[in-house]
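Just so we're clear, the structure is a prediction, and the values are computed from it rather than from any experiment. FYI, side chains are in, hydrogens and waters are out, and symmetry mates aren't considered; it's all heavy atoms of this structure. Every chain is numbered from 1 and lettered A, B, ... according to where its sequence line falls, protein lines coming before strand lines.
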Amino acid sequence: MEIGDLKKTIDLKKAAQEMYELMYKLYPICRSITGDGFRETLRIIQDYIPLTMHEIPTGTRVFDWTVPEEWNIKDAYVKNSKGERVIDFKESNLHVVGYSVPVHTRMPLSELKKHLHTLPGHPDWIPYRTSYYKENWGFCLSHNKFLELQEDTYEVYIDSTLKEGYLTYGEYFIKGRVSEEVLLSCHACHPSLCNDNVSGIVLTSLLGRYLSSLSLRYSYRILFIPGTVGSITWLSLNEAGVSKIKHGLVVTCVGDPGISTYKRSRIGKAEIDVAVEHVLKHSGDSYKVVDFSPYGYDERQYCSPGFNLPVGCLQRTPHGEYPEYHTSADNCDFVKPEYLADSFFKYLSVLNILENNKTYLNTNPKCEPQLGKRGLYTSTGGQSHAVVDQMALLWALNFSDGQHTLLDIAEKSGVRFDEIYEASCALLRTGLLEEQSL
Amino acid sequence: MEIGDLKKTIDLKKAAQEMYELMYKLYPICRSITGDGFRETLRIIQDYIPLTMHEIPTGTRVFDWTVPEEWNIKDAYVKNSKGERVIDFKESNLHVVGYSVPVHTRMPLSELKKHLHTLPGHPDWIPYRTSYYKENWGFCLSHNKFLELQEDTYEVYIDSTLKEGYLTYGEYFIKGRVSEEVLLSCHACHPSLCNDNVSGIVLTSLLGRYLSSLSLRYSYRILFIPGTVGSITWLSLNEAGVSKIKHGLVVTCVGDPGISTYKRSRIGKAEIDVAVEHVLKHSGDSYKVVDFSPYGYDERQYCSPGFNLPVGCLQRTPHGEYPEYHTSADNCDFVKPEYLADSFFKYLSVLNILENNKTYLNTNPKCEPQLGKRGLYTSTGGQSHAVVDQMALLWALNFSDGQHTLLDIAEKSGVRFDEIYEASCALLRTGLLEEQSL
Amino acid sequence: MEIGDLKKTIDLKKAAQEMYELMYKLYPICRSITGDGFRETLRIIQDYIPLTMHEIPTGTRVFDWTVPEEWNIKDAYVKNSKGERVIDFKESNLHVVGYSVPVHTRMPLSELKKHLHTLPGHPDWIPYRTSYYKENWGFCLSHNKFLELQEDTYEVYIDSTLKEGYLTYGEYFIKGRVSEEVLLSCHACHPSLCNDNVSGIVLTSLLGRYLSSLSLRYSYRILFIPGTVGSITWLSLNEAGVSKIKHGLVVTCVGDPGISTYKRSRIGKAEIDVAVEHVLKHSGDSYKVVDFSPYGYDERQYCSPGFNLPVGCLQRTPHGEYPEYHTSADNCDFVKPEYLADSFFKYLSVLNILENNKTYLNTNPKCEPQLGKRGLYTSTGGQSHAVVDQMALLWALNFSDGQHTLLDIAEKSGVRFDEIYEASCALLRTGLLEEQSL
C-alpha cells in the first residue's frame, strides 16, 4: 500500500481526536531530561507504537558532553508560618525549577525571593525554568501570587533526588524496502507544556502508528528523546549508522493556532527542504520558511557541521515567538485538535512525497510519444489513468531525463506533486517511463 | 554583406506589403497535415524561395509515430429537405472537421447534432476542429446558425478521401560560411486561420528571401511542416544532422495586435534565449518572456529530452490566449501589416545578433590601450568609426577576455548589441581586438 | 595590536581635524599629472608617512602608453589693452587649461574666445580642463566674467614649460606578517579641486599613518599617483609583484555630503566587495552599491582584463554625479570634516575585516560543544569573553567547517563581523576553534 492511497482514505477527524486524547494523558506528567516522568511518557506511547526504551547510564561520555545524573521529584512546597502551602508542586509541576536539588529549610522572605522566578509581564502565568548543569534549586510562580507573599518565615521543601541513574529515550524503527532512513525526532523532556512539546509527541506517536501499517519504501526511525543531551547521546551511540539518514524532521510546536513554519536544514536545498516547501506552497494556507540557524531544537545537533544531516523542523509558531511559550499558559486550551490535524496532514503529505519521489527515464526521449494510441490522450476512455492530467503527463515525459526527480518536475512545472506522481504511474504502466538503474 | 547593414536599409513598409499580399493568397486554401492544400501552399511559397518539397509515404515509422493516411476534400455540405445547403464547405473550409472520413447519408436533426461543433460563447464564430488519429466526421458552424436548424431530415455529404499517400513538407537550406545551422520552423497545416499560422508562413517566407540575398555566417534551415507529426517526421529523417542546429525559432502567431511573447528553449539560457530577450528588452515595446513548458507548437518536439535543441518560440499572443484562436475570427482582418512588420523586424534583429555574436580577445589586456592615438577617443576625427560610443569601446575592451561574447558584454553593460558590435568592429580595425582562435 | 582594538580607541574628531588641516595645505597647490606641484604635494605628505618618491623619465614605455613630457607653470594671464589682468592664474590655478603649452601673443577677442572655456549652466564657477595628449593652450573662467569681456586686443601669456622630465609618484609600503598586500591607491594629479581628490589624498595619508603604528597581518601598499597614466605606469613597472595584491581600494571623493557609494571590483564577489558591503550595510547610513563598469578612476586599470585585480572604489558621490565636480565649486567649503571622518571610519572598518577575516575549523564538529563548562554560556562570569553574544558563538561554531570565512559567517547570520570575530576569539581561547592549516 502506498502512503498516497492512505492519504485519501485517512480519517483526519479521528486522528485529531486520538491525538487530543493522548495529549490529555501526557500533559500532567512531570517530565525532565531524565527520570520517571520520561519513562512513564514512553510507556503510554507504547500503547500506540512498539517503542524500544533505551537507558544510558549517568556519566557516559557522549561527544563533548556527559550523561547527567538522574533527577526525580515526589513533592515540593513553600509553606508560610501558618503551615499553608503558598507554592505547591502538586498544583503544577512548573512550580519547581527543573533539576532542583533537594532542600528542606526555613528562611525569611528576603532569602526565599532569591530562589523565586516570575513573569511580571504576564502576572497570571507561571514560568518554566530549569538548571540542568548547575546545582541549584528554585520555585516558579505567578507574579500576582508573588506580590501577595508577606514578610514571614517560610518552610521550603523539595523532595527530589539527583543521583546516578540513567538517561532514557524511546526509539521505534520501521523497516522499509530500502535501508535508507527517514528520521522523525521529537523532544519529550518538558513537563506540563502542551504545545512544546506534548503536541509533537502525540503527532509523532500517531504518525508512527500509521506508518507501521503501510508498505514503505524508506525505513523510518522515530525518536522520543530529551532535548539537546538526548540527540547528542543518540548521535554519539549511533554514529556509525547516521549516514543512512536521507531525510529528517524535528517535530515540535505543532498544535498552536499559528501558521506553519518550516526551518530549513543546514544544507538548505535538500530533498526534505524542497518537499516541505512544496507541501506548504500548495496547501492553500499561509506559511513561512526560514533558513537554518544554529539555535532552536535538536536540528542544532543533527545539523552540526560534523553531521550536516538533511534534517529540518516543521512546526507552527517557532519556540519563543508566542507569549505562552515556556509558561503555564502553554496548556491544553492553547492547543486545538484542528491544528494538530492540520500539522498531521502536512507531515503525511511530506512523507508521501519522500516515499514516491524517484527519478525516471523517458524510454521514448526523441519527440513526444503518441499518447493517444496508449489511451492516455483523451479523458473518455473510462480507465482509471484516463483522469491523469494531460499537462502532468507532458511534464513528466519531458523532464524524465535522469536529471530530474518527480519533485523537481513538480517544482519546475508548478503542478502539484500528486498529479505529477499519478502521471508517472500511468507512464510507467504504459512503458513510457522506466526506473533509472543506478 | 552583413545582416547588420541590411537592417538599416531594409524597407519595412514594403516587406509588410509583400507579406500581406502573400497572406491573402494563402489564407483561402484548405490545408491539413497532409494533402493537396499543403502542396499548393508550398508551391506558392516557391515563388519567393526555392523550397524543396519532400513527400513521405503513409505508414513510414517516425519514432513513436506513423505517417498517417493522406486526406483530401473536394466538397461537403449539409442540406435540409428543401435541398438548401445549410452548412457549406465552399463558404468556409472550417465548416468540416479536419480529416473527416467520407460520408453521404440522411439523418434527423437529433442524429446530426452529435456531429456538430459550435462555440456558444462566440455565437457568430465557426470553431476549428480536427480528428487526425481517430476516424470520425463532423461539421463546425456558428452557434447562431446551429440554433436556426429545424427538425428535418438532413442530407450529409463529405466528399473526402483518406487513403495511402504522403505527408508533404517544404525545406529551404541556405549555406553559410559555417556548417552550424539556424533553424526556422513553421507549421503550415491549418486551413483558413490567419494568425495561426498564415502569419508565420508569410513572415518565414519573406525572411528566407531576405536571408538568401546575404552573405551569411550561419547556414539556415527553413521548414514548412505540418504541426507535431511534421516536426517528428523531419527529426526522425534528419536525426544525424540535428547536432548542427545551434539556434532555432518556431515561427507562429506573428501578426496579431498583442505584445511580443518569447517562450524560452528548454535549455532556458541558450544563446537564442539571450538574443531574443535582448532584442525585446531594447525594443521599447512591452513584451513577455515565459519559461519553456512541454505544451505549444513544434518546440515541444525540438525540445524533447532526447534532442533538447536550443529552439524557442518568438510569437505575439500565444496560442489559446486570444479568443479568436482556432475560430473563423482568426481571419485577414485580425492580422495587420504593421504587426507583421514589427515581428519581421524583431526576427531580423535576433538573426543579426546571432550572425555577429562572437568572442574576441583584447590584444592589449593589461591596462587600457590609449584610444586617443588610434583616433578612437574624440568624436571630431570625421572618420566613420569616430561615431562609436566611448562607453561601448571601453566595455568591449574590458570584457573581451575570451569568456564573454559580444552579447554577454551587451547584457552586462546594458548597452544595445548594435553599439557593442560597432565598437568591436572599430577595435578589430585598429588591432585592439582579435578573433579568438579555437 | 589589532586594528579591532584601535578602532575602539580612535579619536575620530582628532583625525577629522588633522585631515582638514592637511587639506588646507594641499588645496592651493597647482598639481598636474607631472611636475613640481605633484612633487610638493608628496613632500607635504612625507610629514605624515615616509613616502618613497619615484621619478619615471619622459618617454618610458608603459604598456600601450608613453610617459609624457613634464609640465610646469609659473604664471599666466590675459591682459586687456589697459594692462589689467582680466584672467589671472594667480587667482586660481583652474584658470589655465592643464598642460597648456607656453604662449605669449596678442589677439582680438574673437580669436581669444576659441581658447576660452566656461560653464553657462553655472555662470559663477570656473571649469577644470586639461589637454594632456594634444598640444594646446587655453583659459577657463566663469561665464559671467566671460560675458564682461569687451572687444579689445588682449595680451595672452602662459609661462609654462612642457619638456623632457619625469612622471612622479609616491609609494609607501608597510610590511605585515604575510607578504599578501592590500592596495590603497589615490590619484593626486588635480589642482585646486578639493573633493576630487584632495579629500582622497588626506584620508589616505592619515590612514597610512594609523596603519604604520599597528601590528598588521597584511602588507599595505599605498600609492599617490597621477590618474590613468600613473596607475598604468605603476602596473607596468611592478607587474611581477601584482599577484600579491589580495584586496584593494581606489580612494577618491571621500569628503562631500553625499552617501557612501561602493563600486564593486570587476570580480564582483571578491572578499573586498563583500567586506565593504558588509560595513555599509551595518553602518546604519544610506549607501549605494554599483557594479563595476570600465569607466571611472584607476580601478579601470587595476580591473583591466589582463590584471583583473580585486580592487573596488569606496567613495561618497561618484565623479560626475555632483554639479561641483571639476569646477571651482569643488573647494574647501564643499568638503566637511565630518564627512571625511565618516569615510575614514568606514575605510578603517573595512581594513579591520580584512585583517581579521580567517577561516577556522570547529575542533568539536559533531554536535554542539558544551559551552557552559567552558564559561561561555552565561553572561555572569565577569570575564572579558563573557560578553560574547550567544548567537555569534553558535554561528561561529556551526559554520567553521573550513568552507566559510568569518565574514561569510557574518553575512550568513546577519550578525555584525565584529561580534562574529569576538566569538571566534573566545572559541579559539577555549580550543573550540583552530586555525585551518593550509
* To do: May I ask you to test the C/Cys367-A/Phe307 pair for a side-chain heavy-atom distance under 4.5 Å?
  => yes
Give the atom names and distances for all donor-acceptor pairs closer than 3.5 Å across chain C and chain A.
from	atom 1	to	atom 2	distance (Å)
C/Pro365	O	A/Ser304	OG	3.4
C/Pro365	O	A/Gly306	N	2.7
C/Lys366	NZ	A/Glu239	OE2	2.3
C/Cys367	N	A/Ser304	OG	2.8
C/Glu368	N	A/Gln301	OE1	2.8
C/Glu368	O	A/Trp65	NE1	2.7
C/Glu368	OE1	A/Arg300	NH2	3.0
C/Glu368	OE2	A/Arg300	NE	2.5
C/Glu368	OE2	A/Arg300	NH2	3.3
C/Gln370	N	A/Asp64	OD2	2.6
C/Lys373	NZ	A/Asp64	O	2.4
C/Arg374	NH1	A/Asp64	OD2	2.7
C/Arg374	NH2	A/Asp64	OD1	2.8
C/Arg374	NH2	A/Asp64	OD2	3.3
C/Asn398	O	A/Arg266	NH2	2.8
C/Asn398	OD1	A/Arg266	NE	2.5
C/Asn398	ND2	A/Cys303	O	3.3
C/Asp401	OD2	A/Arg266	NH2	2.9

* Tell me, side chain or backbone of A/Leu235 under 4.5 Å from chain C's heavy atoms, or both, or neither? -> side chain
* Structure fact -> Residues at least two apart in sequence or cross-chain that pass ring pair (Phe, Tyr, Trp, His ring centres under 6.0 Å) with C/Tyr339, listed by chain then number, are none
